[in-house]
Amino acid sequence: QVRKGHVRFRGEDLVGHDAKRMRAIRGRGIGLLLQDPFTMLNPVLPCGEQIVEGLRTSRRLSRHEASREATARLAEVGMRDPAGVAQSYPFQLSGGMRQRVALAAALSSDPQLLIADEPSTALDVTTQAEILELLRSVQEARGMGLILITHDLRVAFSVCARVYVLYAGSVLEAGPTGPLQEEPLHPYTLGLLLSEPSAEGRV
């Protein structure tokens with residue numbers, strides 16, 4: 001059974017657009033941050049070059065201006081040595097640092113909406129919390145829309161103002177984070193919450 005629907009962005013229905021129109025929307029309009037930064041980052045290019053590519057696509061900058069702006073973008077995502085990271089290759093960085101570089105690259109075209117697909121799943125718990133906090137702070141500072149895709153409801157509750165619970169492509173429940181967390185109405189949402197192991201004893 002084929003379902004029909006609409007994907008609206010700033011009042012424009014994106015379904016059925018040709019490749020040329022979608023290229024104009026991707027990057028500047030909508031950015032994408034993936035779970036594994038290695039799927040976003042070119043392993044044979046220094047990190048700074050990957051951000052420069054996005055900057056020069058969306059803005060008219062000289063090579064020197066773009067390199068300087070790339071360093072500033074790395075500082076924005078919390079890199080302590082942005083100039084050094086700009087000259088490093090992805091394999092030389094830790095998982096958390098690679099995810100920060102991927103975020104800087106996703107933001108290089110200054111998107112109005114960022115879709116983050118499981119951005120913290122592959123990271124350890126401490127780094128995961130740092131990346132989620134970074135996403136929240138960048139979203140607020142830029143006034144940017146953020147769609148966070150995650151299988152972890154607790155992560156959604158910690159970042160999102162509104163949550164949509166999906167199963168097999170259908171929305172089962174949606175609502176503001178607070179009420180949905182305190183009193184889930186759908187059994188599937190409740191099941192997701194109850195599936196978490198207790199921190200008070202061994203199972």
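The residues of the chain are indexed from 1 along the displayed sequence. The basis for the numbers below is simple: all heavy atoms, side chains too, and nothing from hydrogens, waters or symmetry mates.
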Could you pull out every donor-acceptor pair under 3.5 Å between side chains of residues 6-16 and any protein atom, sequence neighbours left out?
unit_1 : atom_1 : unit_2 : atom_2 : d
H6     : ND1    : D13    : OD2    : 2.8
E12    : OE1    : R21    : NH2    : 2.9
E12    : OE2    : H17    : NE2    : 2.7
E12    : OE2    : R21    : NE     : 3.0
E12    : OE2    : R21    : NH2    : 3.3
D13    : OD1    : V7     : N      : 3.2
D13    : OD1    : V15    : N      : 3.2

- Are V101 and M79 side-chain neighbours, meaning at least one heavy-atom pair lies under 4.5 Å? yes

- Between the main-chain N or O of A156 and the side-chain N or O of T150, is there a donor-acceptor pair closer than 3.5 Å? no

- Note on the structure: The side chain to side chain donor-acceptor pair (under 3.5 Å) partners of Q87 (sequence neighbours excluded) come to none

- Task: Treat each ILVMFWY residue as a node, draw an edge where side-chain heavy atoms are under 4.5 Å apart, and state whether L153 and L185 are in one component.
- Result: no

- Residues, nucleotides or ligands: over 12 heavy atoms within 6.0 Å of R80 CZ: no

- Message: Are I115 and L146 packed together at the side-chain level, in the sense that at least one heavy-atom pair is separated by less than 4.5 angstrom?
- Response: no

- Transitive ILVMFWY side-chain link L113 to M22, under 4.5 Å: yes

- Query: Between L45 and F38, is there a shared hydrophobic cluster once you connect ILVMFWY residues whose side-chain heavy atoms come closer than 4.5 Å?
  - Reply: no

- Take atom CD of E53 as the centre, draw a 6.0 Å sphere, and report whether it contains more than 12 heavy atoms from other residues, nucleotides or ligands. no

- Message: Quick check: is I149 connected to V163 through a chain of hydrophobic side chains (ILVMFWY, heavy atoms under 4.5 Å apart)?
- Response: no

- Can you check side-chain contact (heavy atoms from CB on, under 4.5 Å) on V165 and V171, steps first, answer last? CA-CA 6 Å; V165 180; V171 177; over 6 Å; no

- Message: What I'd like to find out is whether the side chain of M97 reaches to under 4.5 Å of the side chain of Q92, using heavy atoms alone.
- Response: no

- Message: Would you say that Q35 contacts P119 through its side chain, given a criterion of any heavy-atom pair below 4.5 Å between the two side chains?
- Response: no

- Message: Under the criterion side-chain contact (heavy atoms from CB on, under 4.5 Å), I'd like the reasoning laid out for L114 against I147: C-alpha separation, chi angles, the key distance, then a yes or no.
- Response: CA-CA 6 Å; L114 179 68; I147 295 177; over 6 Å; no

- Would you check, one step at a time, whether the test salt bridge (charged side-chain N to carboxylate O under 4.0 Å, His left out) holds for R56 with E65? CA-CA 10 Å; R56 298 194 77 188; E65 289 171 331; over 6 Å; no

- Side-chain H-bond candidate by donor/acceptor type, T39 with D36, under 3.5 Å: no

- Note on the structure: Sequence neighbours excluded, the answer for side chain to side chain contact (heavy atoms under 4.5 Å, CB included) partners of R60 is none

- Message: I need the minimum non-hydrogen distance between A86 and P46, along with the two atoms involved.
- Response: O-CB, 3.5 Å

- Joint hydrophobic cluster, Y89 plus V77, side-chain heavy atoms closer than 4.5 Å: no

- So, does S109 use its side chain to make a donor-acceptor pair with the main chain of P111 at under 3.5 Å? no

- Message: Donor-acceptor pair, distance only, cut-off 3.5 Å: does the side chain of E118 make one with the backbone of L34?
- Response: no

- Message: Holding to side chain to side chain donor-acceptor pair (under 3.5 Å), I want the full list of residues that pass it with R154, two or more places apart in sequence or in another chain.
- Response: E196

- Between the side chains of E173 and T189, is a donor N or O closer than 3.5 angstrom to an acceptor N or O? yes

- Query: Would a distance-only check, ignoring hydrogens and angles, find a side-chain to backbone donor-acceptor pair under 3.5 Å from R98 to L93?
  - Reply: yes

- Query: With a 4.0 Å cut-off, would you call E133 and R136 a salt bridge?
  - Reply: yes

- Where T177 and C160 come nearest, the two heavy atoms and their spacing: OG1-O, 2.5 Å

- In short, I131 meets G96 closest at the heavy-atom pair CD1-O, 3.9 Å

- Message: Could you check whether any side-chain heavy atom of S67 comes within less than 4.5 Å of a side-chain heavy atom of V52, counting everything from C-beta outward?
- Response: yes

- Item | Test salt bridge (Lys or Arg N to Asp or Glu O under 4.0 Å) applied to R142 - qualifying residues, sequence neighbours left out | E76, D110

- Smallest separation among heavy atoms of A104 and I51, with atom names: CB-CD1, 3.7 Å

- So which heavy atom on L192 is nearest to which on S195, and how close? O-OG, 2.7 Å

- Message: Considering only residues two or more places apart or on different chains, which pairs with a residue in residues 151-180 satisfy ring pair (Phe, Tyr, Trp, His ring centres under 6.0 Å)?
- Response: Y167-Y188

- Quick one: does E130's side chain get under 4.5 Å of L123's, heavy atoms only? no

- Task: Would you check, one step at a time, whether the test side-chain contact (heavy atoms from CB on, under 4.5 Å) holds for L33 with L107?
- Result: CA-CA 9 Å; L33 178 65; L107 296 175; over 6 Å; no

- Applying side-chain contact (heavy atoms from CB on, under 4.5 Å), run through V138 and M144 and close with a yes or a no. CA-CA 8 Å; V138 167; M144 172 184 67; 4.3 Å; yes

- Message: Is there a side-chain contact between L32 and I30 in this structure, where contact means two heavy atoms from C-beta onward sitting under 4.5 Å apart?
- Response: no

- Message: If you compare all heavy atoms of L74 against all heavy atoms of P82, which two are closest, and at what distance to 0.1 Å?
- Response: CD1-O, 3.5 Å

- Query: Is there a side-chain contact between V155 and L148, using heavy atoms and a 4.5 Å cut-off?
  - Reply: yes

